[in-house]
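Written below as structure tokens is the structure these notes are about.
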Amino acid sequence: HTHTHTHMHTYMHTRMHTHAHTHEHTHKALLAHAEYLQEQLDAYKEYLTAVRAKVGELQAGPYIFKKARGTSRFTHSQLEKEGVILESPGIPTQRRATIQYVFSCPEPGIYNIAMHRKGSQKAIYEKTLHLEDLLELQHLSDPIIEMEGFVVLNVRRTLILLNRIFMRKDSGGYHRPISRHFSAPTLTVTKAT
């Protein structure tokens with residue numbers, strides 16, 4: 001009887017020790033992952049500062065960021081094909097061919113989208129987008145930009161388009177943010193048996 005009791009006590013002690021070790025391991029993995037995410041955020045902030053400084057230099061120097069002060073025009077169907085426009089609840093199908101979207105970048109990291117009827121200089125609707133907001137939004141599961149019920153834009157596709165229009169590699173170009181880690185530490189959570 002005493003032998004069974006001692007065996008049970010040893011078994012329970014071993015299980016508790018295993019559980020404690022597993023929880024400690026999980027806690028360390030979560031802390032490492034949180035540290036990695038913080039580093040990524042810091043890297044993006046540094047990148048943004050560098051981008052703004054670089055564009056400022058390029059506009060002041062001999063190399064001018066060609067489109068930064070200019071505009072890019074797209075038709076409704078072009079933006080639908082690019083996957084930028086997801087829905088157009090506020091624009092009747094027959095009117096879509098008469099709508100143009102004008103993208104401009106008044107200053108680094110700030111973008112304007114204006115909706116125009118073809119041939120008209122007056123915007124039907126304008127929206128200002130900030131790079132920081134777009135970078136934060138893109139991590140949501142279904143990131144969208146609402147344009148007052150006219151159209152719904154896909155955040156990731158909009159970022160790709162803005163990048164293509166306004167962040168061309170002219171002189172020196174832009175570099176991706178580099179973190180100390182090239183990939184996130186893997187989170188392995190082992191269950192104690």
Side-chain angles (χ1 to χ4, degrees), residues 1-56 79-89 103 105 107-111 113 127-169 172-193:
H1 186 75
T2 314
H3 175 72
T4 309
H5 183 71
T6 310
H7 179 73
M8 190 68 168
H9 179 73
T10 307
Y11 171 75
M12 291 299 286
H13 183 75
T14 306
R15 267 185 73 94
M16 282 174 62
H17 184 74
T18 306
H19 273 292
H21 182 73
T22 302
H23 288 305
E24 189 180 331
H25 178 75
T26 303
H27 183 68
K28 282 181 181 169
L30 287 169
L31 285 175
H33 194 68
E35 186 184 341
Y36 161 76
L37 291 173
Q38 187 58 52
E39 282 182 4
Q40 283 296 94
L41 187 63
D42 293 344
Y44 269 118
K45 285 178 182 171
E46 281 176 41
Y47 167 67
L48 207 53
T49 305
V51 166
R52 288 192 168 133
K54 191 76 179 166
V55 173
L79 292 182
E80 275 184 328
K81 279 182 197 139
E82 293 269 346
V84 173
I85 292 178
L86 291 174
E87 298 169 33
S88 319
F103 288 75
C105 179
E107 58 183 275
I110 295 173
Y111 308 98
I113 303 175
K127 187 162 187 91
T128 300
L129 304 173
H130 294 261
L131 184 57
E132 289 103 316
D133 299 337
L134 294 172
L135 290 172
E136 279 179 38
L137 281 173
Q138 74 171 338
H139 297 296
L140 299 174
S141 60
D142 224 3
I144 58 164
I145 301 161
E146 287 271 356
M147 287 184 65
E148 285 302 308
F150 287 111
V151 289
V152 177
L153 308 181
N154 174 313
V155 170
R156 292 184 190 109
R157 295 287 183 163
T158 303
L159 268 168
I160 292 167
L161 182 70
L162 292 171
N163 192 37
R164 206 172 67 215
I165 305 170
F166 300 110
M167 294 190 192
R168 289 228 172 90
K169 241 182 166 178
Y174 292 98
H175 304 285
R176 288 172 168 268
I178 294 167
S179 172
R180 275 197 290 141
H181 302 284
F182 288 100
S183 61
T186 48
L187 269 180
T188 47
V189 179
T190 47
K191 280 187 178 172
T193 48

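All of these numbers come straight from a predicted model, not from anything done at the bench. Numbers for residues simply follow the sequence, beginning at 1.
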Using residues 140-161 as the side-chain source, report each donor-acceptor pair under 3.5 Å to any protein atom, sequence neighbours left out, with the distance given to one decimal.
residue: Asn154; atom: OD1; partner: Arg156; partner atom: N; Å: 2.9
residue: Asn154; atom: OD1; partner: Arg157; partner atom: N; Å: 3.0
residue: Arg156; atom: NE; partner: Gln138; partner atom: O; Å: 3.1
residue: Arg156; atom: NH2; partner: Gln138; partner atom: O; Å: 2.8
residue: Arg156; atom: NH2; partner: Leu140; partner atom: O; Å: 2.8
residue: Thr158; atom: OG1; partner: Asn154; partner atom: O; Å: 2.7

Test log, rule side-chain contact (heavy atoms from CB on, under 4.5 Å), inputs Phe166 and Leu131: CA-CA 12 Å; Phe166 300 110; Leu131 184 57; over 6 Å; no

What do you reckon, is NE2 of His139 surrounded by more than 12 foreign heavy atoms closer than 6.0 Å? yes

Please round to the nearest 0.5 Å and tell me the distance separating atom [atom1] of [X] and atom [atom2] of [Y].
X: Glu80; Y: Glu87; atom1: CD; atom2: CD; answer: 10.5 Å
X: Leu31; Y: Lys28; atom1: CG; atom2: NZ; answer: 9.5 Å
X: Leu129; Y: Ile113; atom1: CG; atom2: CD1; answer: 4.5 Å

